[in-house]
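Order of the sequence lines fixes the chain letters, A, B, ..., with proteins taken first and strands second; residue numbering starts at 1 for each chain.
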Amino acid sequence: MNRQDLKTIIYAEKAKVENNKYKHKIGVCCGAGCISSGSEEVLKKLQEEVTTRGLDHDVEIIPTGCMGPCNQGPLMKYLPDHTIYQKVDCSNIAAIVQSQIIDKKPIEHLLLFADTREKPFRDAREDPFFKSQLKIVLRNCGQLNPERIEDFLVHDGYQALDKTLCEMSPEDVIAEIKHSRLRGRGGAGYPTGLKWETVYKYVNDQKYVICNGDEGDPGAFMDRSVLEGNPHRVLEGMAIAGYAIGATKGYAYIRGEYPLAIKRFETAIKQARKMGLLGTDILGSNFSFDVEVRIGAGAFVCGEETALIASIEGKRGTPRPRPPFPAEFGLWGKPTLINNVETFASISPIIINGGEWYSEIGTPKSAGTKVFALAGKINYSGLIEVPMGTSLREIVFDIGGGMQGGGEFKAAQTGGPSGGCIPAGHLDVKMDYEALTNLGSIMGSGGLIIMDQTSDMVDVARFFMEFCMDESCGKCLPCRVGTKMMCDLLQKICDNRATQIDLDRLEELAIYVKETSLCGLGGSAPNPLLSTLRHFRNEYQNRLIRHEQKDQIEVPSNIQV
Amino acid sequence: MKSGSSLLDAELHKTDPRVKLIAAKLKKENFKPDALIEVLHTAQNVYGHLPLNVLAYISKALSLPPSRVYSTVTFYHFFSLKSKGEHTCLVCTGTACYVKGAQVILNEIESKIGLRPGQVSADNQLGIQVARCIGACGLAPAVVLDDEVQGKVTLGEIINKIIDKMAAK
Ligand SMILES: Cc1cc2nc3c(=O)[nH]c(=O)nc-3n(C[C@H](O)[C@H](O)[C@H](O)COP(=O)(O)O)c2cc1C
Ligand code: SF4
Ligand code: FES
Ligand code: FES
């Protein structure tokens, strides 16, 4: 297929939409969250209802990706009005179809947030949950059918690839990405354009592009939702990267725990190949690129780039020292570009709208938007996207609808096992890479867990340390032994058996492990501990045995004193 | 599968449909050693776990030392050398579920059903597992019963569902 053929297909698809074969559209959220709340039955029932009423030619039903407020699922969205119904049950579908489509008025008490807001919004875009968001990465997620490439084409899909291949040189693409000031969304926030340029400069007959979809942070589901809700967007980003750095082959490494994401991404690859958007001589440009999926086998450390490469090569996923960096010596020893799912999903909008446009969103040092997986003790948990620099207060209270059960905000955890906590005193922090680092936490990949007064911060530190201990690959001593020792000491504090000496030793150990571990897992394992110590030291202190109490401790009979 | 299989015993019944599936995967991957993890995924899918003689068969087919195969299997959480039970109950212990009381669910399962994570009931009917986040954090706490995700789980309800599963066979 060449450029003209693609245009013809897009025109034909757009014409179909404009001729408006269907008067009404109903999207049913088929993201992983809503599926577990039963949205597949809802979809089936809706289909039946529409058929029974003979409305097949008027109503188009679209199974979509995640719409955002996952814990209100199953969700159903009526277009063009953007009216969202929540907690849809097979038993109220007939009523919704009758009221919304036939009588043309929504059923107020079934609308999104009807049970918690005084007056729910008929146009969900007006609701504070959506109003404070800016969707770039998630723009079409929850709107199009992720299993139909045609839907994506209508929404400007593959237009950015077309533009790069036909109008831009690899140097132009890299310059545009550099200009956008996009930073990697996998955690460390390394400037994406710079990384692309580095790989581009290594001359080799074979280079690779890898998409990191391992999403190891336990408590995060951004990458999953993007892969499930708009897989073609990620694929397009990978192809553009391939063109820019001179690679012909890409791998998407997706967590084994995400079967739906794997299935949808594989479907996307097949469709793109069939349309000639992957394969040889793409759009008549001489550029060839293909992508394969590799399924992760459940090891957090495989999110680390060198471990991930080992895993794709079929080996144990253990990190190796860098340099050489993957940009020089990566998959099978070839120059390799590794980026996160969300990073790739940000590429096409930048190419289409220009780097300048993107760089003006967000804060001076952190441009663009960030997707967060909002969860924990909050009213509306789910998937959100906000400009960098949005305050935590806005996220928790405007978007998230405040604390669940009227609880008191105690802390927000960001960055998972490599991150830290933001206490209530810093609710006004503008969320970007620098601000979070200054508070002793990190942006991480975007997991945002809200905790209330019932969370015990020492136990939170123990929880993450136990995670790192379990996930340590064992290659280097500081991490293998250090995480175990720190975990034991934290358990001792949790059990009220520790003294000041134990706490001092714990802090000393934390610094050693942080500074001497081989990879980022060990290097950041002490972060949750250090961060809770920084903001909640009294919770540790209160648990210590004071000197004069020492004689009163019961010593188990099997321990020699 | 015969008992007492070993890493050195690569004999499998060629007519066993499960073996055929693995053989097909091996062929598709061109017997390339770097396809090891891909092949292990297939084998675990068809057997439910990875018996030692199946590992021996794979190691021979891919020309890899048995130690390499074994060490790879034991490195990744996804692969299991032991049967996980006819029915599985996987409790998410990721951060969102932890904050919403995953430990309480595990304690309840232990007290009512008598199984701890990693254990399988004596009749092999039920196995309890834990996972670090299944990506349904918005619905925490989450439990997966036989591949079906249960969100916003409450204690009584989940225990009843597990008991029903065990009874249903
Ligand atoms: C222990 C560890 C786990 C990681 N897990 C992930 C992950 O799950 N997803 C991810 O994209 N990056 C992860 N990273 C970061 C990657 O190594 C790498 O920096 C990233 O994929 C680069 O992409 P980016 O530049 O687009 O952010 C992890 C790093 C470490 C040290
Ligand atoms: S720091 Fe931990 S995970 Fe990283 S290489 Fe060392 S032992 Fe392995
Ligand atoms: S999965 Fe339906 S809203 Fe997120
Ligand atoms: S933490 Fe349990 S599903 Fe993510």
Side-chain angles (χ1 to χ4, degrees), chain A residues 32-33 35-37 66 69-73 215-221 223-225 255-259 261 294-300 302 311-318 332 373-377 380-383 413 416-417 447 449-452 454-455 460 463-464 467 470-471 473, chain B residues 29 32-42 44-45 50 58 62 64 67-80 90 92-103 117 129-145 147-153:
Chain A
I35 287 184
S36 30
S37 313
C66 178
C70 311
N71 74 335
Q72 310 297 112
E215 193 150 71
D217 174 358
F221 51 100
D223 296 348
R224 161 181 208 161
S225 309
R255 249 185 116 190
E257 286 85 344
Y258 293 171
R294 281 285 178 271
I295 303 172
F300 173 62
C302 285
S311 187
I312 292 183
E313 291 171 351
K315 303 181 189 137
R316 289 162 63 103
T318 50
W332 290 298
L374 192 57
K377 296 284 178 69
Y380 310 142
S381 48
L383 190 71
Q413 212 280 340
I449 311 263
I450 310 301
M451 294 184 254
D452 64 7
T454 58
S455 285
V460 168
F463 167 82
F464 283 118
F467 177 86
D470 283 347
E471 297 296 336
C473 83
Chain B
E29 299 286 345
K32 280 198 318 253
D34 55 55
L36 174 61
I37 295 178
E38 300 295 296
V39 177
L40 290 174
H41 270 295
T42 307
Q44 171 135 325
N45 266 343
L50 295 166
I58 293 172
L62 295 179
L64 284 169
S67 61
R68 198 19 236 293
V69 176
Y70 188 78
S71 70
T72 307
V73 169
T74 51
F75 181 84
Y76 292 101
H77 296 306
F78 221 73
F79 301 132
S80 166
L90 182 142
C92 176
T93 55
T95 321
C97 294
Y98 155 80
V99 169
K100 292 247 182 141
Q103 192 55 48
Q129 294 160 32
V130 289
R132 302 289 195 174
C133 190
I134 50 166
C137 324
L139 303 174
V143 171
V144 188
L145 270 185
D147 294 334
E148 200 183 308
V149 180
Q150 319 273 330
K152 297 191 243 179
V153 162

request  = Report the option among A/A220, A/A32, A/S225 that has the most heavy-atom pairs separated by less than 4.5 Å from atoms of chain B.
outcome  = A/A220

Any donor-acceptor N/O pair, B/Y98 side chain to A/V460 backbone, under 3.5 Å = yes

inquiry  = For A/N71, is there any backbone N or O sitting under 3.5 Å from a side-chain donor or acceptor partner on B/K152?
reply    = yes

note = Honestly, the part of A/I450 sitting under 4.5 Å from a heavy atom of chain B is backbone

task = Decide yes or no on side chain to side chain contact (heavy atoms under 4.5 Å, CB included) for A/F464 and B/T95, but give the supporting numbers first.
result = CA-CA 8 Å; A/F464 283 118; B/T95 321; 3.4 Å; yes

Test item: B/T93 and A/F467 side chains (from C-beta on) under 4.5 Å apart, heavy atoms = no

ask   = Quick one: of A/S37, A/G317, A/A299, A/G382, who has the most non-hydrogen atom pairs under 4.5 Å with chain B?
value = A/G317

request  = Flag the one option from A/G216, A/A297, A/P259 with the top tally of heavy-atom pairs under 4.5 Å to chain B.
outcome  = A/A297

request  = Measure across B/L139 and A/C70 and return the closest heavy-atom pair with its distance rounded to 0.1 Å.
outcome  = CD2-O, 3.6 Å

query = So how far is it from B/C133 SG to A/R255 CZ, rounded to the nearest 0.5 Å?
reply = 5.5 Å

task = Measure across A/A375 and B/C137 and return the closest heavy-atom pair with its distance rounded to 0.1 Å.
result = CB-O, 3.8 Å

ask   = Going through the checks in order, is the side chain to side chain contact (heavy atoms under 4.5 Å, CB included) test met by B/D34 and A/W332?
value = CA-CA 10 Å; B/D34 55 55; A/W332 290 298; 3.8 Å; yes

remark   = Residues B/A96 and A/I449: closest non-hydrogen pair is N-CD1, 3.6 Å

ask   = To the nearest 0.5 Å, how far apart are CD1 in A/I312 and CD in B/E38?
value = 9.5 Å

ask   = How long is the span from the CD1 atom in B/I37 to the CD atom in A/E313, to the nearest 0.5 Å?
value = 10.0 Å

note = Value for CD (A/E471) from NE2 (B/H77), rounded to nearest 0.5 Å, stands at 3.5 Å

note = Output for pair (A/I295 CD1, B/T42 OG1), nearest 0.5 Å, gives 8.0 Å

inquiry  = Shorter than 4.5 Å, heavy atoms on both sides: which option in A/M451, A/E257, A/R294 has the most such pairs with chain B?
reply    = A/R294

message = So, taking the atom named CZ in A/R316 and the one named OG1 in B/T74, what distance separates them when rounded to the nearest 0.5 Å?
response = 6.0 Å

ask   = Nearest heavy-atom pair of A/P218 and B/G94: which atoms, and what distance?
value = CB-CA, 3.8 Å

ask   = Between B/R132 and A/F463, is NZ or CZ placed under 6.0 angstrom from the six-membered ring centre and within 45° of the ring axis?
value = yes

